[in-house]
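For the single chain, residues carry numbers from 1 onward in sequence order. Whatever order the structure lists them in is the order used to number ligands and atoms, beginning at 1.
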Amino acid sequence: MENKWINDAFDGELPESFHGGVKWQSPSNIALVKYWGKKGVQLPQNPSISFTLSQCRTETSVFYEKSDRFGLSFYFDGKPNPAFQKKVESFLLSQIDSFPFLKQLDLRINSRNTFPHSSGIASSASSMSALVLCLLDMERMAKGTDSIDKQKASYFSRLASGSACRSVLPTMALWGQTDAVAESSDEYAVSLEDDIAPVFKTYHDSILVVSDAQKEVSSRAGHALMESNPYAATRYEQARAHVTDLLTVLKTGDLEGFMQITEAEAMQLHALMMCSNPSFILMKPNTLRIIRAVCEFREETDIPVCFTLDAGPNVHVLYPDRHAVLVERFIMDELERFCSGSLWIADRVGDGPSSNH
Ligand code: PMV
């Protein structure tokens with residue numbers, strides 16, 4: 001399907017003096033209802049819902065200069081990074097019809113993450129959304145317009161890395177068409193900020209780093225394996241039902257319902273991996289130890305704390321701010337020992353991307 005922004009593409013000649021810099025920080029996000037399985041061009045098989053985080057961010061700056069052809073050099077943490085350069089270059093070239101002005105620019109991109117490198121935290125959501133925001137900012141400079149369209153940012157972030165489309169929105173985002181939300185779309189995420197009880201805006205996500213090793217199976221390969229997963233159709237139906245139920249839970253502030261759906265989703269994601277052909281397991285023994293300890297702590301204390309998992313061994317521990325002191329004490333006393341190098345990241349729900357110009 002042709003994107004609705006293609007007719008707006010800036011295709012004029014840039015002045016010889018056209019040069020400058022743009023800079024964006026964009027956060028990671030954690031899915032509560034998971035996107036796992038895609039169709040067409042980076043479209044989800046089911047809708048997903050996430051918290052936008054605040055601490056785990058990528059900061060990207062792009063210096064651009066008029067040139068007679070497209071050029072790119074990419075630095076990560078101040079050093080040339082050929083692997084990232086290739087990924088970024090192939091994304092930008094794939095979008096050249098939507099951003100033809102790139103053919104007249106030489107770019108130097110510097111990127112860094114605000115969280116530890118070796119935390120094993122997927123950074124494509126934060127890095128690709130930060131890159132797309134810089135791209136739209138350069139287009140804005142070329143066109144001489146005032147602001148960036150968030151829906152457009154989400155659309156192109158999705159093309160760069162599916163879940164990145166949710167990172168451009170504050171607080172909570174929904175990506176994927178569902179009859180429960182009229183403006184929802186498979187092509188971009190929409191904000192749920194105005195549809196959730198205040199307690200969810202206070203949520204903490206303490207990310208317990210169980211392993212900092214490179215993932216054994218990439219999410220790209222994991223999505224592809226869903227095509228032959230015998231439970232795929234049931235999964236997509238279940239995820240749709242979870243989205244509808246979670247939307248109600250978020251509105252009403254039902255913490256029991258929230259915990260039940262969130263944990264069921266985490267378990268289902270990893271069960272799908274175990275049922276793939278070939279099957280794979282991304283959890284580690286310490287992932288299970290943490291999950292068990294979180295559930296026991298909840299039973300003993302009645303504190304509404306729950307867990308979710310990404311496509312990896314790390315555990316995201318979720319709880320409202322009013323319980324932060326007790327939960328953080330519990331993490332330090334009981335869970336830190338299961339973390340690689342005792343590392344955990346105190347993150348929480350955030351306001352989305354920011355630019356400092
Ligand atoms: O956006 P991708 O291709 O990295 O896939 C993300 C997959 C999960 O993190 C497991 C789920 C999600 O919705 O973010």
Quick one: does Trp36 get an N or O within less than 3.5 Å of an N or O on ligand 1?
-> no
Do any N/O atoms on Ser219 end up under 3.5 angstrom from N/O atoms on ligand 1?
-> yes
Cation-pi, Tyr231 ring and Arg235 (6.0 angstrom, 45 degrees) = no
Using a strict cut-off of 4.0 Å, indicate which atoms of ligand 1 neighbour a heavy atom of Ala311.
-> 10 (C)
Taking atom OG of Ser127 and atom CZ of Arg57, what is their separation to the nearest 0.5 Å?
-> 13.5 Å
May I ask you to check whether Phe258 and Phe200 place their ring centres under 6.0 Å from each other?
-> yes
Using a strict cut-off of 4.0 Å, indicate which atoms of ligand 1 neighbour a heavy atom of Ala31.
-> 12 (C), 13 (O), 14 (O)
Within 45° of the ring axis of Phe76 and under 6.0 Å from its six-membered ring centre, is that where the NZ or CZ of Arg112 lies?
-> no
Contact check: Lys38 vs ligand 1, nitrogen or oxygen atoms, below 3.5 angstrom = no
Is the closest N or O pair between Ser163 and ligand 1 shorter than 3.5 Å?
-> yes
Would you please say whether a donor-acceptor pair under 3.5 Å links the side chains of Ser228 and Asn277?
-> no
Does His19 have its ring centroid less than 6.0 Å away from the ring centroid of Phe63?
-> no
Among the heavy atoms of Arg166, does any lie under 4.0 Å from an atom of ligand 1?
-> yes
